Every structure is written in structure tokens, then in C-alpha cells.
Engineer: 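Before I ask anything, here is the structure I am working with.
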Amino acid sequence: MSLINEAGDYLTERAGAAPEAALILGSGLGDLAEEAENKRIVEYKEIPGFPVSTVQGHKGRLVFGTMGGKRVVFMQGRFHYYEGYSMKEVVFPIWVFNSLGVKKLIVTNAAGGINTSFKPGDLMIIKDHINYTNNNPLIGPNLEAFGPRFPDMSAAYSKELADIIRECAASEDIKLQEGTYLFLTGPSYETPAEIRAFRILGADAVGMSTVPEVLAANHCGIKTAGISCITNMAAGILDTPLNHKEVMETADRVKESFSRLIRCVIERI
Ligand code: HPA
């Protein structure tokens, strides 16, 4: 708890008024933070207790500012479990945001499409998730001041925020899919047999992020929304191998509409 408070105090000194909402920007979306007004930027490496991001194409900094009249904080670059961080390190920023008073969180990511009606480039509201890792950032002593020992996860993704995302997609004329996101540690992509199994389990998309942050946010009562960019069809659906380049290229291709959607959502939440 003391490191969380130390990081919180450090950020309050540098960023001024507390943000109302936090956004985690996934692959290709990082540039959205540049569009914030009155920006104050803090590098992760300067923040007490913050891990440092190592993935190519991910920056490692918080951008505080206003967008659509809302005070927001953007994470440009997130921490992945596959990088070797503990689950607690992955969600450390969420705990710091909570200590700053953040009440809403929007998480974005790149994901592989399992649902065969999806196309690369589609955006998907995450309606629910399957944690397929057998790990959980809340294992260990409970942060009693933040939330209960056994947090409810029956509405992990806020219906109210999902409605706003749907309204924004309609008004911005952006096609939107909806579905269940299945979380794996990575870093290897899945096998075709795994993808067939996950489809039977009810997953529509698969990825290597988001769920730890959503678990931590729900624990401390932060209302959460998740949006995936389907960057590729999951293994075995098409006759082509998967690669990170394709993921980045698709994310880059849709970043304009993805950014428009997120900007609209921020204005309305
Ligand atoms: N699998 C897992 N994670 C991913 C994928 C995928 O196909 N695409 C983007 N992130």
C-alpha cells in the first residue's frame, strides 16, 4: 500500500487535479493521448514503484490532460504478464489510479478473432471475459481499503459504459462487434486446436492483456469498459501464419476510427 500511495503522491504533485477517467491504450492507439489538452507527461521510470514497459511500439508514460472537457489520464504503454512482470506489477497502475480517485476505466487492446463472423479491423465491445491463466492479481493479502476479499465479477464490464460505446459507434458510423475476450499469458500465439477449444468455451476473441487490469479495477469499484481491435483472425482460421507485424499493421489501419470512438466515449462518460 505504501508504494501505491507514494506513486499517487508523486503524480498528484506533478499532474494537479485528479483525473476522472483512465484509459489504457493498446497497440497502435497510443497517439490518441497526444490529442489531449493541457498535457502533463510523466515517464513510468520516474514514478515510484512503476514497472517499465518493454514491448516494441509501446511507449512508457502517463499522459494527464483534458479531452472533451473531462480530466483524463492515458497509459501510453501497458505492462504484460508475458514480459515477466508479476500480476501485481501489471495492475500497479490501476491501484495508483484508484488512489488518485479515478472512477472509470476504458481498456483497449489488440486481439485475435475467434468468432468467424469477425473481420480483421473490426472493433469489439468486451461484454465479458474468460481468464484462462489460472492467475489473478488479487491473490495475496487483500487491500481492504480498496475492496472486498472476494469481489463480484458478475458485471465486470459496465453496461452503462457499453451503452455509451454503442451510441458513439452509431453516431460516428463505426461498425461494432460484441463478445467475450479470453485471456492467455502468451507470448506464443495459440494453436488451431486451442482456438477451436476456446470457441466451444464461448470466446469470441483472444489476447494477452486487459483481464488483470479489469480484475483489479472491479475489486476497487472502478467502472470498466473494454474494447478490442480484432487485428487478425486467430490461429487456424485462415491459412496464414500469425505475426506481430500484421497485428501492428491492422491496429494502425483502424486507429483513426478507433480514436474517434474513444474520443466520443470520453466526452459522454
Ligand atoms: N492471439 C493472442 N493475442 C493476440 C492475437 C492473437 O491472435 N492478436 C493480437 N493479440
Side-chain angles (χ1 to χ4, degrees), residues 23-32 53-59 75-85 87 90-91 106-135 137 157 175-215 225-255 257-259 261-262:
L23 282 101
I24 304 181
L25 301 175
S27 305
L29 255 195
D31 293 350
L32 179 64
S53 183
T54 64
V55 184
Q56 260 183 0
H58 284 250
K59 284 186 184 141
M75 275 187 83
Q76 265 185 334
R78 61 145 60 86
F79 307 109
H80 300 87
Y81 188 61
Y82 64 73
E83 293 177 83
Y85 300 113
M87 280 288 203
V90 170
V91 304
I106 302 172
V107 192
T108 64
N109 63 35
I114 294 181
N115 186 321
T116 52
S117 73
F118 292 180
K119 302 244 166 345
D122 282 353
L123 302 180
M124 181 191 91
I125 295 187
I126 303 176
K127 288 181 75 175
D128 205 347
H129 74 225
I130 297 171
N131 180 357
Y132 208 77
T133 65
N134 268 325
N135 205 336
Y157 297 84
K175 179 179 165 201
L176 204 56
Q177 307 281 12
E178 308 204 356
T180 295
Y181 175 90
L182 185 140
F183 168 56
L184 291 163
T185 66
S188 47
Y189 290 116
E190 303 70 36
T191 63
E194 286 167 342
I195 295 302
R196 288 194 299 274
F198 298 154
R199 185 178 298 121
I200 293 167
L201 289 182
D204 298 288
V206 60
M208 308 175 195
S209 69
T210 300
V211 166
E213 294 97 321
V214 171
L215 291 168
I227 309 175
S228 292
C229 171
I230 305 298
T231 51
N232 56 284
M233 294 315 289
I237 296 178
L238 304 175
D239 211 9
T240 49
L242 270 55
N243 65 74
H244 187 58
K245 188 162 164 273
E246 181 192 4
V247 169
M248 297 307 287
E249 279 170 3
T250 309
D252 197 59
R253 177 160 64 78
V254 299
K255 79 175 177 201
S257 55
F258 206 167
S259 294
L261 179 65
I262 300 289

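Whatever order the structure lists ligands and atoms in, that order sets their numbers, starting from 1. Keep in mind it's a predicted model, so treat the numbers as computed, not measured.
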Engineer: Using a 4.0 Å cut-off to any heavy atom of M208, which atoms of ligand 1 qualify?
Structural biologist: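 Heavy-atom distances to M208 below 4.0 Å select 2 (C), 3 (N).
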Engineer: Check the side chains of N135 and Y81 for a donor-acceptor pair under 3.5 angstrom, ignoring hydrogens and angles.
Structural biologist: yes
Engineer: Between N109 and T210, is there a side-chain donor-acceptor contact under 3.5 Å, judged purely by atom types and distance?
Structural biologist: yes
Engineer: Could you tell me, atom by atom, which parts of ligand 1 come under 4.0 Å of a heavy atom of T231?
Structural biologist: 8 (N), 9 (C)
Engineer: May I ask you to identify the nearest protein heavy atom to atom 5 (C) of ligand 1, giving residue, atom name and distance to one decimal place in Å?
Structural biologist: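 Among all protein heavy atoms, the one nearest atom 5 (C) of ligand 1 is G112 N, 3.4 Å.
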Engineer: Within a distance under 4.0 Å of any heavy atom of A110, pick out the atoms of ligand 1 and give their elements.
Structural biologist: 9 (C), 10 (N)
Engineer: Quick one: does ligand 1 sit under 4.0 Å from the side chain of A235, the backbone, both or neither, non-hydrogen atoms only?
Structural biologist: neither
Engineer: Regarding E249 and K245, does a basic nitrogen lie under 4.0 Å from an acidic carboxylate oxygen?
Structural biologist: yes
Engineer: Do any N or O atoms from the side chain of T250 and from the backbone of T231 form a donor-acceptor pair under 3.5 angstrom?
Structural biologist: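 Yes, T250 side chain to T231 backbone: donor-acceptor pair under 3.5 Å.
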Engineer: Give the numbers and elements of all ligand 1 atoms closer than 4.0 Å to a heavy atom of E190.
Structural biologist: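 Those qualifying, in numeric order: 1 (N), 2 (C), 6 (C), 7 (O).
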Engineer: Return the residue, atom name and 0.1 Å-rounded distance of the protein heavy atom closest to atom 4 (C) of ligand 1.
Structural biologist: V206 O, 3.8 Å
Engineer: Restricting to side chain to side chain contact (heavy atoms under 4.5 Å, CB included), what partner residues turn up for E178, sequence neighbours left out?
Structural biologist: I125, K127, R166
Engineer: Any atoms of ligand 1 less than 4.0 Å from a non-hydrogen atom of L242? List them with their elements.
Structural biologist: 7 (O)
Engineer: Mind checking whether N232 has an N or O less than 3.5 Å away from an N or O of ligand 1?
Structural biologist: yes
Engineer: Would you call D252 and K255 a salt bridge, taking side-chain N to carboxylate O under 4.0 Å as the test?
Structural biologist: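 Yes.
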Engineer: Can you name the atoms of ligand 1, numbered from 1 with element, that are less than 4.0 Å from a heavy atom of G207?
Structural biologist: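 Near G207, meaning under 4.0 Å from one of its heavy atoms, ligand 1 has 2 (C), 3 (N).
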Engineer: Any sub-3.5 Å donor-acceptor pair from T180's side-chain atoms to H129's backbone N or O?
Structural biologist: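 It does not hold such a pair.
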